[in-house]
Structures are given as structure tokens and as C-alpha cells.
**Q** 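Right, I'll just put the structure down here and ask away after.
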Amino acid sequence: MKKLLAMLLALCMIFALSAVSYADGDLVECDDVTLTFCCSAAETTCWAQMANVFADYVNERTTGNFAVEIYAMDQLTNGSQTEGIQAVCDGSIDLSAHSNLIYSNFDQRLNVVSLPFIFDSTEEVDEVLDGAGYDALAPIVEGMGLHLMGIAENGFRHITNNQRPIESLADMSGLVIRVAGAQVLKDEYEAWGTNYTTANWSEVYTGLQTGTYEAQENPLPTADASSISDVQDYVTYWTGVYDCIFFTMNQDLYDSFSPEMQALIDEAGAFAANNQRQLEREGDQEVLAKWEEGGMTVSYLSDEAVQDFKDAAAGVPAKFVQTCVGLGFDQAEVEQMVSIFTAD
């Protein structure tokens, strides 16, 4: 009973302090505002949830009503992810969450995040993307007329197929695999010996079902949302390729807020992005368990197999540098960026 009374007293004190904080005017002054948010994933995903978490975080700490309207699957741009990003640059949409692989349509350097085997674990992801990696990427994103509020996660892009377990480099030989259209992915899967092709994600399920493709690669929550396990028998769970999500706000909109609101927006953006990373990782494990229970064969690479894949793709970073240089970027600067993400 004494413990219960103590807990109730503590809760009362917390509520009292909250009330005092509100009464003392510690909340940030803000007029009512409703922002638009677009992302390429479905409304039920943690991509869309990130916008709600962000809005709730800000709303609880401001005097006005701060709200976000979510337009998932890039509804405002007829499903075009590239146009979704452009709309935020232009200011016709306020906020967005899109992968670095899509951002590479604007600046190839952002695909440095998806070079082969640069992360061995999510802990390494956090160490880089919360440190030197963030510092390298933010100026590029913000040079597009955007304010980067946080780096969230799409995740490791695992391979599924309907032919055989992929447990070695030899198992990849000739595999007809659909990959996203980014150049870095094309270079990687070419180095690994696949017969790769590109296609819109909306076409992939049918392509796998009819045999146009034998395989695809994506983070598991993304693949599961499209019922990929219905038309695939094998999944290789690995750390070969990773992609992140840039959580952004139109820069002019950000500049229109007071310094106090800007600080709160940055705090909320970082909180929401970090929360999304954790939800994505939990979803990754849940899908893996569900697929395995449903009969999919799950394969993991041995250390020797990982080294074979690394050796085969050893030339991809240099190709990446030359691709960027060919687009007019400074070679020394690109090489420095690569070194941040590939350092042991």
C-alpha cells in the first residue's frame, strides 16, 4: 500500500509540474499551423508515423495547434517520389521522407550511404549517421532548398528469390533480379554477377509472379507490405546494401519560424527520426520471423561468403567516385566523403 501511495504521489507531482510549466508560459509561442507531408511508403508504415510523432512532439510544446496532414505513397505527385522531393524543394509541399536512393536523382553523392557492406550492424549505422556521416550529408540535402531535420531508416536491403538459397557469391550468378534504379545498386549487382533489371516498385509483384524477375531486394517491411513472400521462397538476410531516409522541411518555411520554434522543430525532427529507426528495426525482425514461420527459407552469409561479396564489389566505390566526378563534383571531396563511410 505504501508503494502504491508513493507512486500516486509521484504521478501527482509530475502532473502538477506539467501544469505549472504550462501556466508559467514555458511553451513556445506559435500560431496555429497545418503542414503537408509526403512520403513514398504507405500510411500504415513507420515512415508516415514519423510525421505524427514529429507533429505531436511539437504540438505538446507550443501554444498553438501544430498539425501535419499525411499524404502517403506520394499522393500529391501522382506517386512520383522524385516529384515529391521536388515539391518540398519548391515549397508546394512542406515536409517529406524519402530514401537517399531517390535523392540521388538530384545529387549522386547521396548514394554514398548505399555503397556495399559499409555497415556491419545497426549500431554502426547509428554511429556514422549520427556523427561524421550526418555532417557530410546535411550540406548536400540542405543545398537543395531543404532543411534536414533528421536521418531515418529504410534499412538493409535483403534479397528474396524463388530459385535457390543465396548463401554464396556463386549462388547469385545469372539471377534475374529487380533492383531500384540507382546507379550504385546497378554497379553492385553487376559486380555480384546477377542479370539485374530495373522497374517501378508497383510492377514488381506481378513481375515476380509471372517470372519476369526471379528476385528482388528491399528492406523486409517494404517487401512484406507488398506481399512479396507470396511469390518468393528464399530470403538472404544480410548487410550488403543499406539506405536511409531524409526527413526534411522546406527551407523557406523553416526560416519563417522564430528561433525558438526552429530549435523545437530540430529537436522534434531528430526525435521522430530516431524513433522511426527503432520501429523500422522492430518491423524488420517481426517480418523475418513471420516469413520463416510461413515457410520461407532464411539464409545467412558466412564470414567467408561475406568476404567474397566484398572482394567482388571492391571496385564499386571507385566507380561511384568516377560517376560523381563525371557529373562535375570535385574528386577529392567525393573521395573524402567515401572515406567517412568506408573507414574500418
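If you're wondering where the values come from, they're calculated on a predicted model, not measured in any experiment.
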**Q** Mind telling me whether His147 and Tyr254 have parallel, tilted or perpendicular rings, with 30° and 60° as the class edges?
**A** parallel
**Q** Any side-chain to backbone donor/acceptor pair from Glu142 onto Leu148? Under 3.5 Å, distance only.
**A** yes
**Q** Taking side chain as C-beta onward, heavy atoms only, is Asn111 less than 4.5 Å from Leu101?
**A** yes
**Q** Do the non-hydrogen side-chain atoms of Trp201 and Ser40 ever get within less than 4.5 Å of each other?
**A**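 They are not in side-chain contact.
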**Q** Decide whether Asp284 and Tyr237 meet the rule of one side-chain donor and one side-chain acceptor closer than 3.5 Å.
**A** yes
**Q** Measuring from atom CD1 of Ile102 to atom CD of Gln81, what distance do you get when rounded to the nearest 0.5 angstrom?
**A**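 Answer rounded to 0.5 Å: 4.0 Å.
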**Q** Show the numbers, then the answer: is there a side chain to side chain contact (heavy atoms under 4.5 Å, CB included) between Leu279 and Met50?
**A** CA-CA 10 Å; Leu279 291 176; Met50 179 164 58; over 6 Å; no
**Q** Any side-chain donor paired with an acceptor under 3.5 Å for Ser168 and Asp308?
**A**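 Absent: no donor and acceptor within the cut-off.
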**Q** Evaluate the side chain to side chain contact (heavy atoms under 4.5 Å, CB included) criterion for residues Thr297 and Tyr234: first the C-alpha distance (whole Å), next the side-chain angles of each, then the deciding distance (0.1 Å), finally the verdict.
**A** CA-CA 5 Å; Thr297 299; Tyr234 307 97; 3.5 Å; yes
**Q** Without hydrogens or angle criteria, can the side chains of Gln251 and Asp255 be said to hold a donor-acceptor pair below 3.5 Å?
**A** yes
**Q** Got a second to check how far Thr222's OG1 is from Ile228's CD1, nearest 0.5 Å?
**A**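 Going from the OG1 atom of Thr222 to the CD1 atom of Ile228 covers 10.0 Å.
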**Q** State whether the side chain of Asp224 and the backbone N or O of Leu220 hold a donor-acceptor pair below 3.5 Å, judged by distance alone.
**A** no
**Q** Would Val88 end up clustered with Ile70 when hydrophobic side chains under 4.5 Å apart are linked, directly or stepwise?
**A**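 No.
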**Q** Among Thr62, Val28, Leu27, whose side-chain contact (heavy atoms from CB on, under 4.5 Å) with Glu260 holds?
**A** Val28
**Q** Drop me the distance from Glu153's CD to Glu280's CD, to the nearest 0.5 angstrom.
**A**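 If I round to the nearest 0.5 Å, the distance is 6.0 Å.
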**Q** Is any side-chain heavy atom of Phe37 closer than 4.5 Å to a side-chain heavy atom of Trp47?
**A** no
**Q** What's the separation between atom CG in Leu35 and atom CD1 in Ile93, rounded to the nearest 0.5 Å?
**A**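 Interatomic distance, Leu35 CG to Ile93 CD1, rounded to 0.5 Å: 12.0 Å.
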**Q** Between Thr160 and Gln232, is any side-chain donor less than 3.5 angstrom from a side-chain acceptor?
**A**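 Note: Thr160 and Gln232 side chains meet the donor-acceptor criterion.
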**Q** CZ of Phe271: more than 12 outside heavy atoms within 6.0 angstrom?
**A**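 It does not: Phe271 CZ has 12 such atoms or fewer within range.
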**Q** In the structure I gave you, are the side-chain heavy atoms of Met261 and Val58 within less than 4.5 Å of one another anywhere?
**A** yes
**Q** Consider only side-chain heavy atoms of I, L, V, M, F, W and Y, link residues closer than 4.5 Å, and tell whether Trp291 and Tyr300 are in one cluster.
**A**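 Same hydrophobic cluster.
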**Q** Answer yes if the side chains of Asn105 and Thr82 hold a donor-acceptor pair under 3.5 Å, and no otherwise.
**A** yes
**Q** How about Phe329 and Met337: do any of their side-chain heavy atoms sit closer than 4.5 Å?
**A**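 Not in contact.
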**Q** Under a single-linkage definition using a 4.5 Å side-chain heavy-atom cutoff for Ile, Leu, Val, Met, Phe, Trp and Tyr, are Val179 and Tyr242 assigned to the same hydrophobic cluster?
**A** yes
**Q** To the nearest 0.5 angstrom, please state how far the CE atom of Met149 sits from the OG atom of Ser96.
**A**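 Those atoms lie 8.0 Å apart.
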**Q** In this structure, are over 12 heavy atoms from other groups packed under 6.0 Å from Asp31 atom CG?
**A**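 No, not enclosed.
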**Q** Does any N or O in the side chain of Asp107 come within less than 3.5 Å of the main-chain N or O of Arg109, such that one atom is a donor and the other an acceptor?
**A** yes
**Q** Ring centroid separation for Trp192 and Phe309, is it under 6.0 angstrom?
**A** yes
**Q** How about Asn78 and Glu83: do any of their side-chain heavy atoms sit closer than 4.5 Å?
**A** no
**Q** Treating Thr194 as the side-chain partner and Tyr189 as the backbone partner, does any N or O pair qualify as donor plus acceptor under 3.5 Å?
**A**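 Yes.
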**Q** Within a reach of under 6.0 Å around CD of Gln285, are more than 12 heavy atoms found that belong to other residues, nucleotides or ligands?
**A** yes
**Q** Do you see a donor-acceptor pair shorter than 3.5 Å between the side chains of Gln307 and Asp311?
**A**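 Note: Gln307 and Asp311 side chains meet the donor-acceptor criterion.
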**Q** Please lay out, stage by stage, how Leu137 and Val112 fare under the test side chain to side chain contact (heavy atoms under 4.5 Å, CB included).
**A** CA-CA 9 Å; Leu137 297 169; Val112 68; 4.0 Å; yes
**Q** Is the backbone N or O of Ile151 less than 3.5 Å from a side-chain atom of Arg277, with the two atoms forming a donor-acceptor pair by type?
**A**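 A pair under 3.5 Å: yes.
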**Q** Calculate, to the nearest 0.5 Å, the distance between atoms CG and CD belonging to Asp233 and Gln163 respectively.
**A** 9.0 Å
**Q** Within the side chain of Asn52, is there an N or O that forms a donor-acceptor pair under 3.5 Å with the backbone of Ala55?
**A** no
**Q** In terms of side-chain heavy atoms, does Tyr57 have a donor or acceptor partner in Glu267 at a distance below 3.5 Å?
**A** yes
**Q** Taking side chain as C-beta onward, heavy atoms only, is Arg157 less than 4.5 Å from Leu185?
**A** yes
**Q** Are side-chain N/O atoms of Thr36 and Glu69 paired as donor and acceptor at under 3.5 Å?
**A**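 No, because no side-chain N or O of Thr36 sits under 3.5 Å from a partner of the opposite role on Glu69.
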**Q** Are Ile265 and Phe54 packed together at the side-chain level, in the sense that at least one heavy-atom pair is separated by less than 4.5 angstrom?
**A** yes
